[in-house]
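Taking it in order: structure first as structure tokens, then the write-up.
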2 protein chains.
Amino acid sequence: MKRAKKKIFADFIAQRGLKSTKQRDIILDSFLSSDRHLSIEELYLKLRAKHSNIGYATVYRTLKLFAEAGIAREMQFGDGQTRYEHVGEGEHHDHLVCTRCGNIEEFENETIEQLQSEIAASRGFLIERHRLELYGLCVNCRK
Amino acid sequence: MKRAKKKIFADFIAQRGLKSTKQRDIILDSFLSSDRHLSIEELYLKLRAKHSNIGYATVYRTLKLFAEAGIAREMQFGDGQTRYEHVGEGEHHDHLVCTRCGNIEEFENETIEQLQSEIAASRGFLIERHRLELYGLCVNCRK
DNA sequence: AATCCGATGAAAGTGATTTTCATTGGCATA
DNA sequence: TATGCCAATGAAAATCACTTTCATCGGATT
Ligand SMILES: [Mn+2]
Ligand SMILES: [Mn+2]
Ligand SMILES: [Zn+2]
Ligand SMILES: [Zn+2]
């Protein structure tokens with residue numbers, strides 16, 4: 001699926017008349033082989049270790065591109081940093097965020113999704129996207 | 001309930017050894033008679049119309065106090081501004097946010113809340129708070 | 001009224017982006 | 001392969017939304 005995402009991004013680049021560059025390749029590689037829920041700064045620092053020539057602005061702009069291309073999702077967990085996570089075609093999940101250690105777990109619940117649809121439908125509201133986050137203490141942080 | 005919240009804030013002020021001031025009274029009045037989900041800047045501008053002597057920093061600090069006192073809740077809907085909404089003792093609700101006109105509707109769903117608890121429990125996670133927001137088009141913006 | 005110390009507001013500081021701009025470099029074309 | 005165009009890059013500057021500082025003000029207690 002790393003291959004699949006590279007293909008999606010290459011197609012996106014081509015279809016938009018953008019250019020394939022060394023930096024974009026490197027950033028995409030690094031992003032795809034990273035933990036999920038990475039902040040721009042975290043990815044930037046990780047990249048600098050091997051490629052001191054890549055600028056923060058390029059990482060920032062490239063992650064935006066990934067989001068536009070549909071291979072990344074921008075997230076805010078309230079810690080003041082924008083995070084990006086991998087997303088696959090048609091995939092969706094929500095999060096449990098530990099307020100002590102910062103750990104982020106994922107979950108899916110079809111019943112909740114269904115109830116959301118019903119709530120929206122009952123008001124004539126058309127859902128484009130949603131966010132559901134449970135904040136608290138993870139099993140490790142409860143001691 | 002406007003009276004009730006003023007009482008709660010007055011008690012909070014007293015119990016913390018803080019001072020009752022003209023500014024706090026004015027800001028609380030304005031906040032309580034405002035639409036829900038107000039940003040600091042919106043409240044500040046609204047206040048300036050009548051009270052040009054109130055500073056932004058005071059509005060900012062006073063809204064934080066309201067949150068600490070339990071009569072306001074700080075929210076982020078992804079538009080880059082922190083918003084504050086009125087909250088009552090033990091009340092909770094989630095939101096439908098229109099991405100076109102910015103309108104915010106509220107809803108409560110006990111079944112969803114229950115499912116959240118079950119998800120957390122199954123992982124040993126202790127929920128402190130959560131946020132559930134449905135983004136999309138409100139009934140008016142769907143044309 | 002005097003005193004104490006929290007409250008206020010104008011201005012400065014912060015931190016995370018976001019934009020600018022001079023320079024670089026894909027890549028289509030000759 | 002050489003040329004030209006214009007997108008891409010990166011260092012630095014600018015923004016934005018707070019957040020803090022600090023000199024001064026003003027409730028509340030004595
Ligand atoms: Mn995730
Ligand atoms: Mn609300
Ligand atoms: Zn934890
Ligand atoms: Zn709308």
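Being a predicted model, the structure only gives us computed values, none of them experimental. Quick note on labels: first sequence line is chain A, next is B, and so on, each numbered from 1.
Between A:Ser20 and the phosphate of C:dG26, there is no side-chain N or O to OP1/OP2 separation shorter than 4.0 Å. Applying the 4.0 Å criterion to OP1 and OP2 of D:dA17, one finds that B:Thr82 has every side-chain N and O outside that range. Residue B:Lys19 places none of its side-chain N or O atoms closer than 4.0 Å to OP1 or OP2 of C:dT8. Applying the 4.0 Å criterion to OP1 and OP2 of D:dG10, one finds that A:Gln23 has a side-chain N or O inside that range. Taking only side-chain nitrogens and oxygens, A:Arg24 never comes nearer than 4.0 Å to OP1 or OP2 of C:dG26. Regarding contacts with the backbone of C:dG6, every side-chain N or O of B:Thr21 stays at 4.0 angstrom or more from both OP1 and OP2. The shortest distance between the side-chain N/O atoms of B:Tyr60 and the OP1/OP2 oxygens of D:dT19 is below 4.0 Å.
B:Glu41 comes within 4.0 angstrom of nothing in the nucleic acid, heavy atoms only.
What separates CD of A:Glu74 from C1' of C:dT17 is a distance of 11 Å, to the nearest Å. Atom CD of A:Gln76 is separated from atom P of D:dC18 by 12 Å (rounded to the nearest Å). Nucleotide C:dA16 holds its P atom 9 Å from the CG atom of A:Asp79, rounded to whole Å. Taking atom OH of B:Tyr44 as the reference point, atom P of D:dC18 lies 14 Å away to the nearest angstrom. Remark: C1' of C:dT24 and CG of A:Asn53 are 12 Å apart, rounded to the nearest angstrom. Whole-Å rounding puts the A:Ile26 CD1 to C:dG25 P distance at 13 Å. The OH-P distance, from B:Tyr56 to C:dA10, rounds to 14 Å in whole Å. The distance from atom CG of A:Leu45 to atom P of C:dT17 is 12 Å, rounded to the nearest whole Å.
Judged by distance alone, the side chains of B:Tyr44 and B:Glu42 never bring a donor and an acceptor atom under 3.5 Å apart.
Across the interface with DNA chain D, nearest-nucleotide mapping of B:Gly80 and A:Leu18 shows A:Leu18 to be the residue nearer the 5′ end.
In the hydrophobic clustering of ILVMFWY residues, with side-chain heavy atoms under 4.5 Å counting as a link, A:Met75 and B:Tyr135 come out apart. Under the 4.5 Å side-chain heavy-atom criterion for Ile, Leu, Val, Met, Phe, Trp and Tyr, B:Phe125 and A:Ile112 are members of the same hydrophobic cluster.
Scanning residues 61-72 of chain A for heavy-atom distances under 4.0 Å to DNA chain C yields A:Arg61, A:Lys64.
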Subject >> Verdict with supporting geometry, B:Lys6 and B:Asp25, salt bridge (Lys or Arg N to Asp or Glu O under 4.0 Å) >> reply: CA-CA 9 Å; B:Lys6 287 191 178 185; B:Asp25 290 347; over 6 Å; no

Subject >> Derivation and outcome, side chain to side chain donor-acceptor pair (under 3.5 Å), residues A:Glu105 and A:His93 >> reply: CA-CA 10 Å; A:Glu105 295 178 53; A:His93 61 260; over 6 Å; no

**OP:** Apply side chain to side chain donor-acceptor pair (under 3.5 Å) to the pair B:Thr99 and A:Glu128, showing each step before the final yes or no.
**Re:** CA-CA 9 Å; B:Thr99 53; A:Glu128 292 168 343; 2.9 Å; yes

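With ring centers used as reference points, B:Phe77 lies under 6.0 Å from B:His95. A ring-centre distance under 6.0 Å is not found for A:His86 and A:Phe66.
Among the nucleotides D:dT9, C:dG26, D:dA17, the one closest to any side-chain atom of B:Gln81 is D:dA17. When each of D:dA11, D:dC18, C:dG9 is scored by its nearest atom to the side-chain atoms of B:Ile54, the top-ranked nucleotide is C:dG9.
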